[in-house]
Amino acid sequence: MRPTATPRGAAVPAERHAAGRRLTRRFFDRPVLEVAPELLGCIVARTSPEGTVSVRLTEVEAYDGENDPGSHAFRGATPRNEVMFGPSGHIYVYFTYGMHWCMNVVCGPPGQASAVLLRAGEVVAGEQLAQARRPSARSPRELARGPARLTSALGVDRADNGADALDPRSPLRLLPGIAVAPDQVRTGPRVGVAGAGASTPWRFWLDGEPTVSAYRPAIPRRRGGATSGRL
DNA sequence: AAAACGATACACT
DNA sequence: GTGTATCGTTTTT
């Protein structure tokens, strides 16, 4: 760990960190690598007729729009990713692996298409409702430990795509939370992203948090059987 | 065919 | 108790 290898964003000055400060559109209209680590410790809250669940963010990943081979926006706008091309502070929800929802906060001005994937957090309100939505969670730390678990605990799905998380009346909101100690922020490669940019340290998390999802390398699943025709 | 994943079945401690 | 591999299921390329 030479000093020269220190990834960008590893040390976030407390006075710049979003947690504990007011969240504005301008905060999100900056390079996604600056915004992402500063979202750690912030609260994402969703209200429905069933109640409100709030999650304190402990793990996020940056995706740098059309410049980033790992980003959904890399090949330009599609019906799925169009929210990424819109104004910052809005939520991009996508469906993956045939059954899961994941959520991002859009960053940068319209056209930039960068976003921060919310990967994990600690449920700090509405635990009972979160547990009801996540019956397989065997402890509170598992309620939102992972990007699809986080959306499940919050009750987020396609209907939340495009929501303005900076509008206080929105059912899905991003709130400042409590500032984190700057030396608690860690960084490393993204999870499950192969190809160019796979080694770039665009994942950020809070050190020592039990809600941070386990690292899984981006290795394609091996397909068995004769029909695969490959080794 | 591969994907910004999670639940389950096992192996092992 | 933990770690690792397998597979479900839809969208996009």
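Quantities reported herein were computed from a predicted structural model and do not represent experimental measurements. Order of the sequence lines fixes the chain letters, A, B, ..., with proteins taken first and strands second; residue numbering starts at 1 for each chain.
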Exam field: side chain A:Q131 to backbone A:E127, donor-acceptor pair closer than 3.5 Å: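 No, A:Q131 side chain to A:E127 backbone: no donor-acceptor pair under 3.5 Å.
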P atoms of B:dA4 and C:dT4, separation to the nearest Å: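 Taking atom P in both B:dA4 and C:dT4, they lie 23 Å apart.
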Sugar-phosphate, base or nothing in reach of A:R138, heavy atoms under 4.0 Å: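 No contact.
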Sugar-phosphate, base or nothing in reach of A:S152, heavy atoms under 4.0 Å: nothing
Paired nucleotide for C:dT9 [Watson-Crick or G-U wobble; both distances under 3.5 Å]: none
Partner nucleotide, any strand, of B:dA4 [Watson-Crick/G-U, under 3.5 Å]: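 Result: none.
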Residue [X], side-chain atoms from C-beta onward, closest of [options]:
{"X": "A:Y63", "options": "B:dA7, C:dT13, B:dA4", "result": "B:dA4"}
{"X": "A:M99", "options": "B:dC5, C:dG8, C:dT13", "result": "C:dG8"}
{"X": "A:R80", "options": "B:dA4, B:dG6, C:dT12", "result": "C:dT12"}
{"X": "A:S136", "options": "B:dA7, C:dT13, B:dA4", "result": "B:dA7"}
{"X": "A:Y97", "options": "C:dT9, C:dT13, B:dA7", "result": "C:dT9"}

Length of the [atom1]-[atom2] vector between [X] and [N], whole Å:
{"X": "A:R134", "N": "B:dC5", "atom1": "CZ", "atom2": "P", "value": "14 Å"}
{"X": "A:F95", "N": "C:dT12", "atom1": "CZ", "atom2": "P", "value": "10 Å"}
{"X": "A:F74", "N": "B:dA4", "atom1": "CZ", "atom2": "P", "value": "13 Å"}
{"X": "A:L143", "N": "B:dA7", "atom1": "CG", "atom2": "P", "value": "11 Å"}
{"X": "A:D64", "N": "B:dA4", "atom1": "CG", "atom2": "C1'", "value": "15 Å"}
{"X": "A:Y92", "N": "B:dA4", "atom1": "OH", "atom2": "C1'", "value": "9 Å"}
{"X": "A:R75", "N": "C:dT11", "atom1": "CZ", "atom2": "C1'", "value": "14 Å"}
{"X": "A:D157", "N": "C:dT9", "atom1": "CG", "atom2": "C1'", "value": "17 Å"}

Aromatic contact, A:Y63 with A:H72 (centres under 6.0 Å): no
Minimum-distance pair of heavy atoms, taken over all atoms of A:A120 and A:R145: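 Looks like CB-CA, 4.2 Å.
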Intermediate values then yes/no, salt bridge (charged side-chain N to carboxylate O under 4.0 Å, His left out), A:R46 and A:D157: CA-CA 11 Å; A:R46 185 170 175 278; A:D157 65 15; 5.3 Å; no
Side-chain N,O (A:R119) to OP1/OP2 (B:dC5) below 4.0 Å: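 Affirmative; the distance criterion is met.
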Contact nearer the 5' end of DNA chain C, comparing A:R158 with A:H100: A:H100
Exercise: do A:T47 and A:R173 side chains pair donor with acceptor under 3.5 Å: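 Yes, side-chain donor-acceptor contact under 3.5 Å.
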